[in-house]
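Below, all heavy atoms of this structure are taken into account, side chains as well, without hydrogens, waters or symmetry copies.
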Amino acid sequence: MPSDHARNGNGARGNTPGLALELLVHGVGGTTPAEMLGDPRTERVTGDSTAAIHRRTDDKDAERRPQDYAGKPVPEAYCWSNLTSGNGARALWLILLPFMVANLAHWTRPAAHGRHRTVRLHGLLVRLVALSLTVLLVAAVCEVALDLIAWQCAGAARCAEERSWLAFMAAPQEAGDPGGWWSQPGRRLALAAVLPTAVTVLLWWLSHRTWSAYESQPPLERTVPEDHPAADGRPPLSLPGFWYGKRLVSRLRAAHTAAGFLTIAAALTAATTRHDRAPGGNAVLDVCGWLLAGLVLVGAAWVLLVVCRKGRKESEPDRETDSLAVHGLPGASLAVLLLAVVHSGWSRPGWTSGGTLPGDQAFSVLAVLQGALVVALGVLGLSLHRVTRVPRTALGGLASGSVGMLACALGGLLSGGVCQRVGDWLDGPGTPGRTGGHIGGPPTVLTWQASIIPVLLALVLLLACWFVFRVWRDSRRLTDDVAAGYPGFLPDETRSRHIASAIARAGLTDQAPWLVATVAAATLVLGGVAVVGTMATGQVPGEAAEGAPDIVAGFADTVQALGSWLVGFAFVLLLAWSRRAYQDASARRTIGILWDVGTFWPRSAHPFAPPCYAERAVPDLAWRMAMWTDQQPERRLVISGHSQGSVLAAAAVWQLDPETRRQIALLTYGSPLERLYGRWFPAYFGPHRLAALHGGLECWRNLWRLTDPIGGPVRPERADTPEPGPPEECRGVDRGPLRDPLVYGRTRELPLPEPILAHGDYQADPAFAQERAGLLKRLRARFRAFHERTEGVPRQPEPEPESGPSDPAPGPADAAGAGAVQAESGRSEG
């Protein structure tokens with residue numbers, strides 16, 4: 001293994017620079033080791049089938065013959081794609097999408113220097129939003145199993161007759177017929193409670209299993225000592241416990257599991273107590289029902305207490321476990337649920353089910369609660385941003401509220417979709433919520449919420465049309481600037497238009513925050529309309545609009561019918577995509593790209609979110625870099641990250657101690673570090689954080705293109721840091737915009753048109769090899785200076801790098817026309 005070779009000598013001691021290593025980290029979607037290393041013969045040298053480091057077969061024993069690598073690095077490839085797109089079971093993660101987005105809301109908070117209480121309040125609000133999503137999902141499953149199937153369909157003659165699988169629990173249809181043992185409503189409900197209980201257990205199992213498989217890796221505890229001058233105010237990603245939060249995840253997992261069990265128990269208790277309180281009810285069962293309701297409330301208070309406790313502990317790995325909460329809370333809640341099942345299944349002769357199941361108002365209460373929490377998040381974010389302004393922060397502090405609102409909208413779409421789809425299936429020829437069908441249908445508020453989807457889609461369509469017009473307009477304006485960036489070629493309007501169109505489309509990424517904010521604001525307003533409409537009329541939109549002008553009534557009928565179909569279609573589409581992803585590796589990789597971005601962050605708000613792959617990848621990279629350079633100052637390392645790989649590389653470098661960082665150079669290309677992460681996560685990747693990282697490294701270079709829709713310049717701000725900054729010749733980070741395509745027209749050497757590379761294949765640009773060679777040269781010069789300073793011996797001559805100079809003059813696209821193109825494409829500082 002390379003780590004063993006790193007410790008067992010390399011024949012390069014003395015004043016001769018030792019081996020240089022280039023550690024390649026791929027981006028979203030993944031790639032194979034052969035593609036990364038440019039050689040079909042590769043071998044895994046450390047790691048497992050989930051994530052591993054590979055070398056070319058010819059380089060496996062490079063440590064034993066360092067003389068063969070004079071002037072060039074040993075390439076290694078770290079492949080982590082199986083963390084997000086491995087086996088087919090990962091397709092099930094699609095149903096966890098709302099939980100993932102809610103977890104992102106925690107990390108999108110603005111920077112807040114010294115505002116510790118406000119930061120804790122922000123985390124608490126996000127955790128409450130996440131808890132409401134768990135309750136919403138379990139409540140939706142309860143609505144399907146308990147209300148639509150066990151209560152309404154099994155209790156309605158026409159619905160039960162058409163479904164033979166309900167015959168054993170169907171209500172008796174003739175007077176004096178006692179029916180079967182399961183025909184009593186309470187027993188039907190007790191049996192149906194198996195489904196939401198199984199869903200809750202499944203969520204608990206997925207969270208526990210993925211923690212063991214992905215997030216239980218020990219971090220590299222070699223960060224800045226507490227008494228070091230850089231310890232105060234150091235970046236959060238450099239803290240030893242940032243990528244290991246076992247205590248919080250296990251505590252939240254227990255709380256959310258208990259919340260699911262208590263939601264089911266509350267649904268059962270609400271139905272039985274209403275019957276027992278009615279005239280002729282059983283007094284003993286009524287008392288038991290009230291006691292059960294009290295136990296549910298006590299359990300809910302315990303859940304809230306656990307969720308509201310202190311959040312993440314990052315100053316050190318949080319390996320402790322709150323045994324009482326982790327083991328006692330789910331067990332006690334499960335016991336309450338079992339008591340509710342027994343109480344519900346007790347014999348109640350003469351009880352019949354009619355109308356809808358008690359507790360339908362819970363969906364309206366959840367919608368109001370989520371709206372209030374999202375508004376509070378928005379207000380808190382604005383106040384934090386005003387106190388600590390970070391340039392280019394997305395939405396001026398409203399990012400957390402907007403992302404939280406999208407999480408609630410996705411949760412409502414999934415819950416409403418399953419309820420509407422099942423309700424429409426059981427209702428026969430009728431429309432859910434209207435007369436003429438077999439059953440009454442799902443809660444009215446869900447129909448109102450489904451009815452706002454066509455309106456929201458119309459708004460999104462208008463925004464899409466605006467963006468299409470903007471691309472067309474900017475493409476026309478940029479055409480002449482593109483031609484000016486390639487002197488020596490005859491202008492070709494078609495070729496220039498294609499390049500300008502690629503630049504204009506890439507610039508749309510910078511407009512994404514306003515799209516998110518518009519959709520979130522519209523969802524909040526329309527969701528409020530749905531709740532108010534439900535409370536004011538108690539009817540579905542079509543019935544509520546009866547007697548209104550024709551245009552209003554027609555609009556209400558249209559959006560209700562279309563919304564019910566759309567929300568059901570969205571749910572079916574999600575299931576179909578999950579099934580295809582389970583069977584098709586390429587589709588699973590597409591889903592993996594979504595998780596590459598969304599699951600980079602630890603599960604700090606929602607324990608049922610898809611697992612954080614960075615809690616495995618970042619320790620892997622940090623351990624590899626530390627073991628390579630450990631007590632060997634002659635060792636040099638360039639970590640080279642593309643796209644999301646550059647984010648992993650930066651996070652891993654942050655985890656190293658300052659002395660180790662001085663042996664490492666960072667090369668990023670197509671990097672979203674500032675363009676996406678710096679804007680959406682300013683507290684962790686803002687300009688001041690990137691400047692601190694830059695100051696702690698020997699050197700950092702970043703390559704970017706105007707045609708790249710993901711990557712961009714890093715733009716680190718100067719920051720006052722106790723650590724020494726990089727060498728004067730490496731003060732700059734960004735090199736670009738690079739020419740794309742590399743050649744405008746046909747040449748003798750390239751007679752066919754060169755493609756527009758956009759986000760891919762940065763290694764094809766000569767600037768890549770030049771910058772890598774320059775980084776290795778600076779690391780070599782650092783070693784020579786260190787050796788002369790410590791041992792007082794002269795330098796020895798060394799071979800020059802195989803590539804050219806590290807800082808050549810900018811090419812045509814780097815100068816002529818680049819400023820105008822950048823401004824027009826939306827990449828400017830504003």
Side-chain angles (χ1 to χ4, degrees), residues 27-28 97-98 100-112 119 122-123 125-126 129-130 235-237 242 374 377-378 380-382 384-385 388-407 409-410 506-521 593-606 609-610 612 614 643-644 646-648 650-651 654 668 670-691 693 704 708-717 759 826-827 829-830:
V28 295
L97 183 60
M100 181 187 75
V101 178
N103 194 64
L104 281 178
H106 173 87
W107 302 104
T108 53
R109 69 165 177 83
V119 169
H122 179 277
L125 291 175
V126 177
V129 170
L237 271 71
F242 189 89
V374 166
L377 271 177
L380 198 63
L382 283 175
L384 285 174
H385 181 65
T388 308
R389 290 187 177 273
V390 176
R392 289 173 54 84
T393 296
L395 303 180
L398 289 173
S400 292
S402 299
V403 174
M405 188 68 252
L406 291 183
L410 288 171
L508 290 180
T509 301
D510 298 307
Q511 308 303 318
W514 298 110
L515 174 63
V516 172
T518 302
V519 173
I593 293 176
L594 300 176
W595 304 142
D596 288 351
V597 177
T599 61
F600 169 79
W601 298 99
R603 293 189 276 197
S604 61
H606 207 303
C612 168
S643 187
Q644 189 70 13
S646 68
V647 183
L648 290 173
W654 251 314
T668 56
S671 173
L673 272 169
E674 193 279 336
R675 193 181 186 191
L676 297 180
Y677 281 80
R679 298 188 68 187
W680 286 98
F681 311 104
Y684 306 92
F685 287 97
H688 57 300
R689 300 300 189 194
L690 296 178
L693 177 63
W704 65 283
D708 191 339
I710 297 175
V714 173
R715 302 188 182 101
E717 287 184 345
H759 187 58
R827 298 277 189 99
E829 288 286 347

Report task. Take S643 and I710 through the test side chain to side chain contact (heavy atoms under 4.5 Å, CB included) and record every step on the way to the result. Result -> CA-CA 7 Å; S643 187; I710 297 175; 4.3 Å; yes
Report task. Report the C-alpha distance between L515 and L508 in whole Å, list the side-chain angles of each, state the deciding distance to 0.1 Å, and finish with yes or no for side chain to side chain contact (heavy atoms under 4.5 Å, CB included). Result -> CA-CA 10 Å; L515 174 63; L508 290 180; over 6 Å; no
Report task. Before giving the answer on side chain to side chain contact (heavy atoms under 4.5 Å, CB included), spell out for R715 and R392 the whole-Å C-alpha distance, their side-chain angles and the decisive distance to 0.1 Å. Result -> CA-CA 11 Å; R715 302 188 182 101; R392 289 173 54 84; 3.5 Å; yes
Requested in this report: Check the pair D510 / R679 against salt bridge (Lys or Arg N to Asp or Glu O under 4.0 Å), numbers first and verdict last.
Outcome: CA-CA 10 Å; D510 298 307; R679 298 188 68 187; 3.8 Å; yes
Query - Derivation of the side chain to side chain contact (heavy atoms under 4.5 Å, CB included) call for W680 and V516 - result: CA-CA 11 Å; W680 286 98; V516 172; 4.1 Å; yes
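Checking side-chain atoms of S400 against main-chain N and O of G381 turns up no donor-acceptor pair under 3.5 Å. Between the side chain of D708 and the main chain of A506, no donor-acceptor pair closer than 3.5 Å is present. Remark: the backbone N or O of A605 is paired with a side-chain donor or acceptor of N103 at under 3.5 angstrom.
The two atoms that bring A399 and A394 nearest to each other are CB-O, 3.9 Å, heavy atoms only. Here the closest heavy-atom approach between residue P709 and residue H759 is recorded as CD-CB, 4.2 Å. Counting all heavy atoms, side chain and backbone alike, L395 lies closest to S402 at CD1-OG, 3.6 Å. Contact record, H122 with A105: CE1-O, 3.6 Å, taken as the closest heavy-atom pair. Nearest heavy atom pair, residue G598 against residue L104, reads O-CD2, 3.7 Å. In terms of heavy atoms, L382 sits closest to G396 at CD2-O, 3.4 Å.
Two residues are said to be in side-chain contact when any heavy atoms from C-beta on lie closer than 4.5 Å; P602 and C612 meet this criterion. Contact annotation: the side chain of V647 approaches that of P672 to within less than 4.5 Å [non-hydrogen atoms, C-beta and beyond]. Between V374 and L125, every side-chain heavy-atom pair lies at or beyond the 4.5 Å cut-off.
In this structure, L410 CG and M100 CE are separated by 8.5 Å, a value rounded to the nearest 0.5 Å. To the nearest 0.5 Å, atoms CD (Q644) and CZ (F600) are separated by 6.5 Å. Taking CG of L384 as the start and CG of L380 as the end, the distance is 5.0 Å to the nearest 0.5 Å. Rounding to the nearest 0.5 Å gives a distance of 11.0 Å between OG1 of T518 and CD of Q511. Rounding to the nearest 0.5 Å gives a distance of 14.5 Å between CG of L690 and OH of Y684. Here the CG-CZ distance, from L237 to R689, works out to 9.0 Å after rounding to the nearest 0.5 Å.
The aromatic ring centroids of F242 and W107 lie less than 6.0 Å from each other. A centroid separation of less than 6.0 Å is found between the aromatic rings of F681 and W601.
Side-chain contact check for T668 and S646: no donor-acceptor pair (N or O, by modelled atom type) lies under 3.5 Å.
Partners of H385 according to the side chain to side chain contact (heavy atoms under 4.5 Å, CB included) rule, which considers only residues two or more places apart in sequence or in another chain, are P110, R389, T393.
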